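Ligands are counted one by one from 1 in listed order, and the atoms in each one are counted from 1 as well. Predicted model, so just to flag it, every value in this text is computed and none were measured. Below, all heavy atoms of this structure are taken into account, side chains as well, without hydrogens, waters or symmetry copies.
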Amino acid sequence: MLLLELPNEILWTILHFVPPRDSLCLLKTCKSLYQLKQDELFWREFARQYGMIYLHPHQTWWQFYISGDLKKTCPHIHDRFFMETLTKKAMVFWNTLLSFSSSFQQQQQQQQQPSEKEKEKEEKRTSLFYACCQEQGQKLNGGGLCLSPHCQFVGCGDAFFSPEANPGHLREHYHATGHTCVLKLSSLHFCELFCYACNKPVGFWGFPSMEKPIGERYLVRSIVQTLVNTFPKDPYLKNQAIERRRAIERRLVWSQQSHEDSYIIERSWFMAWNEFLFEKTDQIPGVLLNKSLFCSMTTNTLRSDIELGTDFELVGGVVRSYIERVYDIDGPVVSAYELQWKPEYRKICESILFRRHIMQRGPQGIPSDP
Ligand SMILES: [Zn+2]
Ligand SMILES: [Zn+2]
Ligand SMILES: [Zn+2]
């Protein structure tokens, strides 16, 4: 009996136990079996068995399967489910965030120049301000809002150590209702998705060196970007929301200043972002169009004639992944480290080294013109 004559259910059962790379070898053993690659319906139905119903728009179901991401992607978020209610969620999102910022601002007004210790205390207090726990004053972090449609629940996160043994009200809400996905709010990362069923962050690990599957990242980016760009209609609240976003982004950029900048991004976008951060405008920049730094024919080859300070600027890894998540980046992002061994980028590398040298020595490090 030929393998292909087996019912799909049996083929799927076999595939459950075979790693994707090995099944490619299996498919290569026979021409008709190899044609199964083209059968999108077959692979889509297979992914369904893992609860997966969404995909990166540039991927086919077969590519999704063979990439090995099928078992790594959170199946609990999907577009229709969230997208329809996201604009309503945005109001809950801003209300929650602004309730922190008002207590934050009050404290800042009371103490004109708070000491470092007081600042730290303030930050803790503001990030712990969840109505569900106000009376108990419990020290819980990473609170946020439930993302299930028609659910308005807002609550605190788990304790930092052994979170499952010391659950916050958000996790308890998940156990009581089965609402798996929440949006956690943070004064550094702004907002991130977390799935209690997978018990992991979704779309973003919190640091840029480990990447999540591309389909998951894509969907989370669209959720986050819809939320953060749907401002309250009331002009006063809208203003407050913009202020809050600016404060979070400034804190992120400052906290990253001592880290080595290594990612190349388009300068015109960088300048527009700076104008927003330094209150020259309330206009929030759009998508970062990094494509202009690449050769138009082969979109993933960086141009060698671009200049630091004219065409491009540098940002660190955490800032880069923030931009990707909250603003979106159209085009690839290259790390300066990748260019070190390529002679055509010698000029670019020298200018980056020179910039670092100045940053370390301060403005007096700039040699005067002969
Ligand atoms: Zn999940
Ligand atoms: Zn609570
Ligand atoms: Zn809920």
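Checked by atom type, the side-chain pair Q59/Y218 shows no donor-acceptor distance below 3.5 Å. In this structure, a donor-acceptor pair under 3.5 Å is present between the side chains of R171 and N199.
Note: Y174 and Y196 have parallel aromatic rings, judged against thresholds of 30 and 60 degrees for the angle between ring planes. Ring geometry for F46 against Y50 counts as perpendicular: the plane angle is over 60°, on a 0 to 90° scale with 30° as the lower cut.
Remark: aromatic rings of W61 and F42 are distant, center separation not under 6.0 Å.
The N, O or S atom of H169 lying closest to the Zn ion (ligand 2) is ND1.
The number of protein N/O/S atoms found under 2.8 Å from the Zn ion (ligand 1) is 4.
Side-chain contact between N229 and R245: present, with at least one pair of heavy atoms (C-beta onward) separated by less than 4.5 Å.
Residue R250 places its CZ atom among more than 12 non-hydrogen atoms of other residues, nucleotides or ligands, all under 6.0 Å distant.
Near-neighbour remark for the Zn ion (ligand 3): protein N, O or S atoms under 2.8 Å are C146 SG, C151 SG, H173 NE2, H179 ND1; waters not counted.
Taking the charged nitrogens against the carboxylate oxygens, D305 and K347 have no contact shorter than 4.0 Å, which rules out a salt bridge.
Within the hydrophobic cluster formed by Ile, Leu, Val, Met, Phe, Trp and Tyr side chains joined at under 4.5 Å, directly or through other members, F17 stands alone, with no partner residue.
Every residue meeting the side-chain contact (heavy atoms from CB on, under 4.5 Å) condition with L339, not counting sequence neighbours, appears here in chain and number order: I264, L302, V334, Y345, I348, C349.
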